[in-house]
Amino acid sequence: MKTQVEERFSDFYGKWMDQLEHLLQLLLVVSRDEHSQEAGYQSMVNKLTAHHKEYYTFKWAAAHDDVLAFFAPVWLSPLENAYLWVTGWKPSTVFRLVESLRGVQPAAGVRLSGLTEEQVKKIEALRVKIKVEEERVEREMERQQVGMADRKMVELAALERQAKKNGGAAAVAQVKGLVEVALTGLLAGLEKVMKMADCVRLKTLKGMLDILTPMQCVDFLAAASMLQIQIRKWGKKREEKSVLITVKTM
């Protein structure tokens, strides 16, 4: 059974992905139109960035009520969940995507128009900077995970077990109160590391868009959106197939 936050965000995410697919179609039209002007490209880039900002605004508000929902999101398929990095996509995948797009043949779909030597240098500098930030997030996530086994938590686990076994209702209630305070602190830590990771994602996206020309930004965003949409479709298809197999074997 889903929590209220899971229900709310599942509904939001489904609609958000539908809108992303609509925006992708517009991106592809602009990308393939030989008569498109720079203003047209920039307009589409602005629409996509606004769409992503809407996602993080809604996510952060929902996570404040239930951050754990974002570490085991029920609105994603197992395939999508397998590639999560601290509740979202790993920033360094952006650089692999750009590298892959440079080698894609035009007939295969969207490709990134030729990058200048200066752009390549700036992308590499951004990649190095983002790698450092990723490692900082990973260290903080490790600190949060290890914190679950610190002395305070071990003592609380023992106290609660002992109170349930030998103590009265008052003792149990007191220990439960202490546990609740400790868990609230742990959840606040998880919310902090989630926002750290999201900020690196946003910084990576903005950094890349600042380096690329408006036309290149359209190609990049179209490819990124296409990949996100297709992975979701592949994941849902596989999930449905697994359900059918399970039903048949029952």
Should the heavy atoms of other residues, nucleotides or ligands under 6.0 Å from [atom1] of [X] be counted, would the total exceed 12?
| X | atom1 | answer |
| --- | --- | --- |
| F71 | CZ | yes |
| K236 | NZ | yes |
| Q25 | CD | yes |
| K90 | NZ | yes |
| K2 | NZ | yes |
| Q230 | CD | yes |
| Q19 | CD | yes |

Under-4.0 Å salt bridge between [X] and [Y]:
| X | Y | answer |
| --- | --- | --- |
| E142 | R139 | no |
| R8 | D65 | yes |
| K233 | E21 | yes |
| K121 | E117 | yes |

Check whether the ring centres of [X] and [Y] lie less than 6.0 Å apart, and answer yes or no.
| X | Y | value |
| --- | --- | --- |
| Y13 | F58 | no |
| F9 | W75 | yes |
| F70 | W60 | no |

[X] [atom1] to [Y] [atom2] distance, which is reported to the nearest 0.5 Å:
| X | Y | atom1 | atom2 | answer |
| --- | --- | --- | --- | --- |
| T204 | E134 | OG1 | CD | 7.0 Å |
| L205 | T49 | CG | OG1 | 8.0 Å |
| T93 | E99 | OG1 | CD | 12.5 Å |
| L68 | L187 | CG | CG | 5.0 Å |
| M17 | L76 | CE | CG | 9.0 Å |
| T87 | M141 | OG1 | CE | 9.0 Å |

No-hydrogen, no-angle side-chain donor-acceptor test under 3.5 Å, [X] and [Y]:
| X | Y | result |
| --- | --- | --- |
| Q228 | E80 | no |
| E138 | W85 | yes |
| E191 | H64 | yes |
| Q144 | E140 | yes |

Identify the two heavy atoms, one from [X] and one from [Y], that lie closest to each other, and give their separation to 0.1 Å.
| X | Y | answer |
| --- | --- | --- |
| Q119 | G114 | OE1-O, 4.2 Å |
| I123 | L115 | CD1-CD1, 3.9 Å |
| G207 | L126 | C-CD2, 3.6 Å |

(request) Report yes if the side chains of M215 and E38 come closer than 4.5 Å at any heavy-atom pair, otherwise no. (result)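 No, side chains not in contact.
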
(message) Could you check whether any side-chain heavy atom of V137 comes within less than 4.5 Å of a side-chain heavy atom of V86, counting everything from C-beta outward?
(response)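 Yes. Closest side-chain heavy atoms under 4.5 Å.
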
(message) Using side-chain contact (heavy atoms from CB on, under 4.5 Å), reason through V94 and F220 one step at a time and then give a plain yes or no.
(response) CA-CA 9 Å; V94 162; F220 164 70; 3.8 Å; yes

(request) Check the hydrophobic clustering (I, L, V, M, F, W, Y; side-chain heavy atoms under 4.5 Å; chains of links allowed) and say if V29 and L48 are grouped together. (result)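 Different clusters.
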
(message) Tell me which pairs pass salt bridge (charged side-chain N to carboxylate O under 4.0 Å, His left out) where either residue lies in residues 47-60, with sequence neighbours left out.
(response)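 For residues 47-60: K59-D198.
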
(message) Under the criterion salt bridge (charged side-chain N to carboxylate O under 4.0 Å, His left out), I'd like the reasoning laid out for E124 against R127: C-alpha separation, chi angles, the key distance, then a yes or no.
(response) CA-CA 5 Å; E124 177 57 21; R127 185 191 68 76; 2.6 Å; yes

(request) Return yes if some donor-acceptor pair links the side-chain N/O of S43 with the main-chain N/O of A39 below 3.5 Å, else return no. (result)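 Checked: no pair found.
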
